Amino acid sequence: MKLQYVILITLLVVLVSATMNQAIGINGVKPINVNDPHVIDIAKFAVNEYNKQSKTTKLTFEKVLNGVPHTTSTGTIYRFTLSATDGSTSNKYGAIVLENAQHSLKLINFAPIHA
């Protein structure tokens with residue numbers, strides 16, 4: 001009878017742990033909601049800033065694919081993957097954007113993701 005209780009408690013712990021990890025995300029970081037208008041605005045900002053800095057390629061934002069936020073003492077750093085088109089081809093890009101406490105944005109990095 002005691003063995004049955006141990007097995008039951010172990011199963012409950014595993015189930016609760018898996019549920020918590022899914023709700024919280026990996027390492028306590030919850031993934032961004034790719035449909036959140038604020039996240040989409042930040043991704044569009046990243047593409048627009050890239051376009052300002054680029055001498056050759058002009059991209060058009062398509063959608064946010066995934067990402068995670070990271071809160072720091074200076075604000076929130078958003079790391080995400082997005083898709084954008086150069087007019088003929090859709091590609092994936094990685095972007096890192098800092099949003100400070102005053103909600104101003106700064107593009108930290110923007111680069112194509114090669115498969």
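The structure presented is a predicted model; accordingly, all values stated were derived computationally and were not measured. Just so you know, these numbers use all the heavy atoms, side chains as well, and skip hydrogens, waters and symmetry mates.
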### Main-chain N/O of Leu59 paired to Asn51 side chain as donor or acceptor, under 3.5 Å
yes
### Message
Under the criterion side chain to side chain contact (heavy atoms under 4.5 Å, CB included), I'd like the reasoning laid out for Val39 against Asn33: C-alpha separation, chi angles, the key distance, then a yes or no.
### Response
CA-CA 7 Å; Val39 169; Asn33 175 356; 5.7 Å; no
### Message
Set out, in order, the CA-CA distance, both residues' side-chain angles and the distance that settles side chain to side chain contact (heavy atoms under 4.5 Å, CB included) for Ile77 and Ile96, then state yes or no.
### Response
CA-CA 7 Å; Ile77 297 172; Ile96 302 173; 3.6 Å; yes
### Summary
Between the NZ atom in Lys58 and the NZ atom in Lys52, the distance rounded to the nearest 0.5 Å is 10.5 Å
### Message
Parallel, tilted or perpendicular: which one describes the rings of Tyr93 and Tyr50, with boundaries at 30° and 60°?
### Response
tilted
### Task
Could you give me the CA-CA distance, side-chain angles and deciding distance for Phe110 and Val97, then say whether side chain to side chain contact (heavy atoms under 4.5 Å, CB included) is met?
CA-CA 9 Å; Phe110 191 95; Val97 176; over 6 Å; no
### Task
Please answer whether the main-chain N or O of Thr76 pairs with a side-chain N or O of Thr72 as donor and acceptor at a distance below 3.5 Å.
no
### Task
Indicate if Leu107 and Val64 have the same hydrophobic cluster label, given that clusters are the connected sets of ILVMFWY residues with side-chain heavy-atom separations under 4.5 angstrom.
yes
#### Entry: Same cluster (ILVMFWY, side-chain, under 4.5 Å), Val47 and Ile40
yes
### Query
Atom CZ in Arg79, atom CD1 in Ile32: separation rounded to 0.5 Å?
12.5 Å
### Message
Can you tell me how far apart CD (Glu99) and CG (Asp41) are? Round to the nearest 0.5 Å.
### Response
10.0 Å
#### Entry: Leu82-Leu105 co-clustered via ILVMFWY side chain contacts under 4.5 Å
yes
### Task
May I have the step-by-step check of side chain to side chain contact (heavy atoms under 4.5 Å, CB included) for Val34 and Phe80, ending in yes or no?
CA-CA 9 Å; Val34 298; Phe80 50 88; over 6 Å; no
### Query
Can you name the nearest heavy-atom pair linking Pro69 to Lys30, along with the distance?
CD-O, 3.3 Å
